Amino acid sequence: MSIKQPPWRIPVPDTKDPTLRIYNSLTKSKTEFVPRNGRIVKWYNCGPTVYDASHMGHARNYVTQDILRRIMSDYFGYDVHFVMNITDIDDKERGQTARQKHLFETFRDQSASLSPELVDRVYTAWKAHVLNKVSKALPDQVKPQSGEEDSGWLRIVQFVKDNSRKVECVKRDEKFDMHLTAAHRTFSAISTARERLSSSQCSKEDAHQFLDQSRDVLAASLDEELKHTVSDPSIFRAVATYWENQFFKDMDRLRVRRPDTLTRVTEYVPEIVDFVQRIIDNGYGYEHNGSVYFDTSAFDSSSTHVYAKLEPWSKGNRDLLAEGEGLCALSSGTGKRSAADFALWKASKIGEPSWASPWGDGRPGWHIECSVMASAIFGENMDIHSGGVDLAFPHHDNEMAQSEAYHECESWVNYFIHTGHLHIEGLKMSKSLKNFITIDEILQKFTARQLRLAFLSQLWNAKIDFSESLMAGEVKTIETSFNNFFSTVKAIVIGYDGQSDGYHHYEAPERELMKELSQSKMAFRDALCDSFNTPEALRILRDLISQTNVYINSRGKALNVALVEQSAHWVGQMLRMFGLGEGKREELGWGTEQEGNGSDVNREEVLMPYLRVLSSFRDNVRRVTIAKSDDAFQKILKLCDQLRDDDLVPLGVALDDQEDGKALVKLVSPAELIKARDEKRQKLEAQAARKAATVKEQQQKRLAKLEKGRIPPGEFFKPPNVPEGTYSQWNEQGLPTADSQGEKLSKNQEKKFLKQWNDQKKLYEEFLEWQRQQ
């Protein structure tokens, strides 16, 4: 008879693994995430329109998208193909910026010297700027009329000296302050140029300096006059290339991973033309005067299609449509069948880039760009499409409509995720409100890690109110708590030799900490499965380090170092997963914010400051010991304190004295250590001052008491210590027995005076003793 193994049963889990659910803008609810192809995730993210410096709005959007991408790939283990576009064709700010830059630089290069004609040209531009731009927000009684620009300008300057009036102008036109500043700068440049013309011969450098100061006003004037001469796409592309490079430099500084695939609109124009033609062929587009429009009614009436899936209530919102199409596109006479229809291809206007098409020279509509590029990479369906919430309608709704019209599919995007708005100190970011912050500016105040912590501490799809108090308070507190924790654990691990002391170090406190670690890991996963709830995930990590710190402080020599290290390793790995630092998987902590592995570090430069401190300490200890003075022991202790508090603190080294006599060595930010040391010293100095004041007060009281004790008890009730005539008789001790009239004192009075006499006797004896000691 053969021996068989006993039957085995599949374990029944005590806890079910949570399912990832994402807040999906297509349902306005959290829905289970199910990729169409195993663990491969096709993800398209709307990239920037590159025409100026990247700002805090970009940081909010792209850092947040990077966090979500890292969670998907590095935590959940999905194989993410992340595609992002660069919009380098635009008829709004970027197109105008590129054209004005080209026209201004051409004009500047052609200006050989500062001349009356050049000054008059700028003066003409300045007058137009005052009449057309500055005046727009002014009350009628202040607005200058044509021909009175100089006197009108003086009136404007006087008017806006009252800041409340200026605020009212900004309310009428948010760009008023910007226009006013440009007018001020140009007027000053004109005045200086006229003085220079009358006093000396002027050079080309004078002309260029004058033009540079007048740039904003003159560039707009040149654009108005000469924009019809600019149509070469390369002119627009040059500006876009510069700002694209600057954008990615900023993203690198913010630790945002580069996309797996990057697309640019200018590289996909032929595909865009073919895409538009197919939409027409499918019955959802029509041409009029060289432009092609999407027929929203035809699309919406189809049995397989629905228009505006994200925001169906916004279909007729003219303000939102104007954001995407421009006001002129909503006016009558455009040839559109419906105000809701939008441009797939636009006949180029004067001063705009253009490409050839079957409908004439033109350029792509804004919405079609992403549809074509995403379809070129992913085809008729993608798992995730992401972008800022302000793009939901009309941009993203129009994207889906175009793509579903092209592919004749019901669903082009499975999950739409939108990051929330960013406000600065409670207000929408705006240059005119002076709260417009570029990424370069913000990184001069805060680190990339601190910015990422600020975004992690808020829900990714919620509005963030970015403020100095948020960064200086909550964010720096979170960062400091993690830094202190890792410093402590590193010091413990470095000081541990790994040798057994014959004791297993695994009792109730260790079992409790291991339970906390396991529960934290499960709760952390629950949080991220709950639509990437990073605020909750951060809270879980912070709670775990608090529990670990409590364990460290309570166990003394019984500390289980391996368990502490295990807790710190997991916390560090999760923080690095969020993009808060770089480091190897086995590295303890959240790593560095700098790139590189430090292989090029100059050892002498790094080590010499520490070695000089230790050498100086050794020299001083030897000097005291050799001298063999009576107070050598106290001097050596003082040198030890000086090494700890004065010499090592500026180098970022903290020595924490322990009960066993061995100091715990930590590497901490020098600024933090100096601040903590100085605060401790201030506290000790304050305590010493209070103590000194108390001692002084006590001494003064004692002196007053001694002074009172100078009087012998027998003289205490006699003049001059009491007024003449107060008493008429005294006994042998000097106690009064009769009042001034000779009447005998009552028993109560005699009793009271006897008590006073005895008190004075005691004071007098203390005084005599004090005199003997002096």
Side-chain angles (χ1 to χ4, degrees), residues 20-25 28-30 45-46 54-72 74-75 250-251 254-257 384 386-392 415-429 435-437 439 441-443 445-482 523-545 571 574-581 590 593:
L20 173 60
R21 299 171 67 82
I22 299 176
Y23 184 87
N24 188 354
S25 296
K28 298 295 184 292
S29 63
K30 297 174 185 178
N45 183 44
C46 274
S54 303
H55 51 69
M56 277 295 293
H58 292 118
R60 158 61 166 160
N61 186 37
Y62 296 111
V63 170
T64 299
Q65 298 292 343
D66 182 71
I67 291 169
L68 303 188
R69 177 186 177 189
R70 288 170 181 264
I71 293 172
M72 290 289 284
D74 298 0
Y75 185 78
D250 285 337
M251 292 301 105
L254 291 172
R255 311 188 65 79
V256 173
R257 287 176 177 170
I384 298 175
S386 59
V389 68
D390 54 310
L391 297 178
Y415 299 86
F416 235 120
I417 59 179
H418 289 102
T419 53
H421 283 299
L422 177 129
H423 285 203
I424 306 293
E425 302 288 353
L427 297 172
K428 183 178 179 182
M429 188 170 61
N435 67 350
F436 185 91
I437 306 174
I439 289 174
E441 288 169 341
I442 202 65
L443 287 178
K445 286 187 173 183
F446 306 106
T447 66
R449 173 181 287 167
Q450 288 165 349
L451 285 177
R452 193 169 282 252
L453 274 173
F455 298 144
L456 279 162
S457 64
Q458 309 288 327
L459 290 174
W460 60 271
N461 57 340
K463 184 188 83 171
I464 284 185
D465 186 7
F466 185 85
S467 63
E468 294 277 348
S469 60
L470 169 69
M471 299 301 292
E474 180 181 351
V475 170
K476 287 197 173 180
T477 297
I478 294 173
E479 183 181 37
T480 299
S481 66
F482 283 123
F524 188 84
R525 192 172 190 86
D526 279 335
L528 294 189
C529 281
D530 184 20
S531 191
F532 313 115
N533 190 339
T534 56
E536 176 65 11
L538 272 184
R539 185 197 64 77
I540 291 163
L541 295 180
R542 294 180 69 192
D543 284 351
L544 177 61
I545 69 172
V571 172
M574 294 305 99
L575 293 175
R576 293 200 298 274
M577 179 272 295
F578 284 143
L580 292 165
W590 55 3
E593 287 200 88

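What you are looking at is a predicted structure, and each value in this text was computed from that prediction instead of being measured.
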*Asks:* Where do A527 and A537 come nearest, in terms of heavy atoms and distance?
*Replies:* CB-N, 3.9 Å

*Asks:* Distance from K28 atom NZ to F416 atom CZ, nearest 0.5 Å?
*Replies:* 10.0 Å

*Asks:* Measure up the W460 and Y23 rings against each other and bin them: parallel (under 30°), tilted (30 to 60°), perpendicular (over 60°).
*Replies:*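 Ring orientation, 0 to 90° scale: perpendicular.
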
*Asks:* Closest approach of D74 and R257, non-hydrogen atoms and distance?
*Replies:*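 Closest heavy-atom pair between D74 and R257: OD2-NH2, 2.6 Å.
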
*Asks:* Please give me the minimum heavy-atom distance between F455 and T534, naming the atom from each residue.
*Replies:*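 It is O-OG1, 4.4 Å.
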
*Asks:* Once you measure the plane-to-plane angle for H421 and H423, does it fall in the parallel (<30°), tilted (30-60°) or perpendicular (>60°) bin?
*Replies:* tilted

*Asks:* Report yes if some heavy atom in the side chain of L451 is under 4.5 Å from a heavy atom in the side chain of V63; otherwise report no.
*Replies:* no

*Asks:* Does some side-chain heavy atom of L538 sit less than 4.5 Å from a side-chain heavy atom of L575?
*Replies:*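 Yes. Closest side-chain heavy atoms under 4.5 Å.
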
*Asks:* Counting C-beta onward and ignoring hydrogens, is there a side-chain heavy-atom pair between F532 and L459 closer than 4.5 Å?
*Replies:*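 The answer is no; the side chains never approach within 4.5 Å.
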
*Asks:* Quick one: salt bridge (charged side-chain N to carboxylate O under 4.0 Å, His left out) partners of K463, sequence neighbours excluded?
*Replies:*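 Salt bridge (charged side-chain N to carboxylate O under 4.0 Å, His left out) list for K463, sorted by chain: empty.
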
*Asks:* Would you check if L580 and L456 make a side-chain contact, meaning some heavy-atom pair closer than 4.5 Å?
*Replies:* yes

*Asks:* Once salt bridge (charged side-chain N to carboxylate O under 4.0 Å, His left out) is applied, what residue pairs with a partner in residues 59-71 remain, sequence neighbours excluded?
*Replies:* D66-R70, D66-R452, R69-D260

*Asks:* Can you tell me how far apart OH (Y415) and CG (N24) are? Round to the nearest 0.5 Å.
*Replies:* 7.0 Å

*Asks:* Which distance, rounded to the nearest 0.5 Å, do you find between the SG of C529 and the CD1 of I22?
*Replies:*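 It comes to 10.0 Å.
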
*Asks:* Among I442, I439, N61, find the residue that satisfies the side-chain contact (heavy atoms from CB on, under 4.5 Å) test when tested with M56.
*Replies:* I442

*Asks:* Let me confirm one number: the CZ-CZ distance from R576 to R255, rounded to the nearest 0.5 Å.
*Replies:* 11.0 Å

*Asks:* Show the numbers, then the answer: is there a side-chain contact (heavy atoms from CB on, under 4.5 Å) between Q450 and K445?
*Replies:* CA-CA 10 Å; Q450 288 165 349; K445 286 187 173 183; over 6 Å; no

*Asks:* Between I71 and F578, does the side-chain contact (heavy atoms from CB on, under 4.5 Å) criterion hold? Intermediate values first, please.
*Replies:* CA-CA 7 Å; I71 293 172; F578 284 143; 3.8 Å; yes

*Asks:* Please examine the side chains of D465 and L470, heavy atoms only from C-beta on, and report whether any two atoms are closer than 4.5 Å.
*Replies:* no

*Asks:* To the closest 0.5 Å, what do you measure between CG (L453) and NZ (K476)?
*Replies:* 12.0 Å

*Asks:* For a 4.5 angstrom cut-off between non-hydrogen side-chain atoms, does I417 reach Q65?
*Replies:* yes

*Asks:* Please report the interatomic distance CD1(I540) to CD1(I545), rounded to the nearest 0.5 Å.
*Replies:* 13.0 Å

*Asks:* What pair of heavy atoms forms the shortest contact from L443 to A448, and how long is it?
*Replies:*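 The answer is CD2-N, 3.8 Å.
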
*Asks:* Going through the checks in order, is the side-chain contact (heavy atoms from CB on, under 4.5 Å) test met by T64 and Q458?
*Replies:* CA-CA 10 Å; T64 299; Q458 309 288 327; over 6 Å; no

*Asks:* With a 4.5 Å heavy-atom cut-off, do E425 and S467 have their side chains touching?
*Replies:* yes

*Asks:* If you compare all heavy atoms of D250 against all heavy atoms of S54, which two are closest, and at what distance to 0.1 Å?
*Replies:*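 Looking at all heavy atoms of both residues, the closest pair is OD2-CB, 3.5 Å.
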
*Asks:* Is there a donor-acceptor pair under 3.5 Å between the side chain of T480 and the backbone N or O of T477?
*Replies:*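 No; judged by distance alone, with no hydrogens or angles, the pair does not exist.
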
*Asks:* Apply salt bridge (charged side-chain N to carboxylate O under 4.0 Å, His left out) to D543 and list each qualifying residue two or more places apart in sequence or on a separate chain.
*Replies:* R539

*Asks:* Do you know the tightest heavy-atom contact between S25 and H418?
*Replies:* OG-ND1, 2.7 Å

*Asks:* Closer than 3.5 angstrom, by distance alone: can the side chain of N533 be matched with the main-chain N or O of E536 as a donor-acceptor pair?
*Replies:*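 Checked: pair present.
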
*Asks:* May I ask you to decide if the ring planes of F466 and F446 are parallel, tilted or perpendicular, using 30° and 60° as cut-offs?
*Replies:* perpendicular

*Asks:* So M574 and L541, do their side chains get closer than 4.5 Å, heavy atoms only?
*Replies:* yes

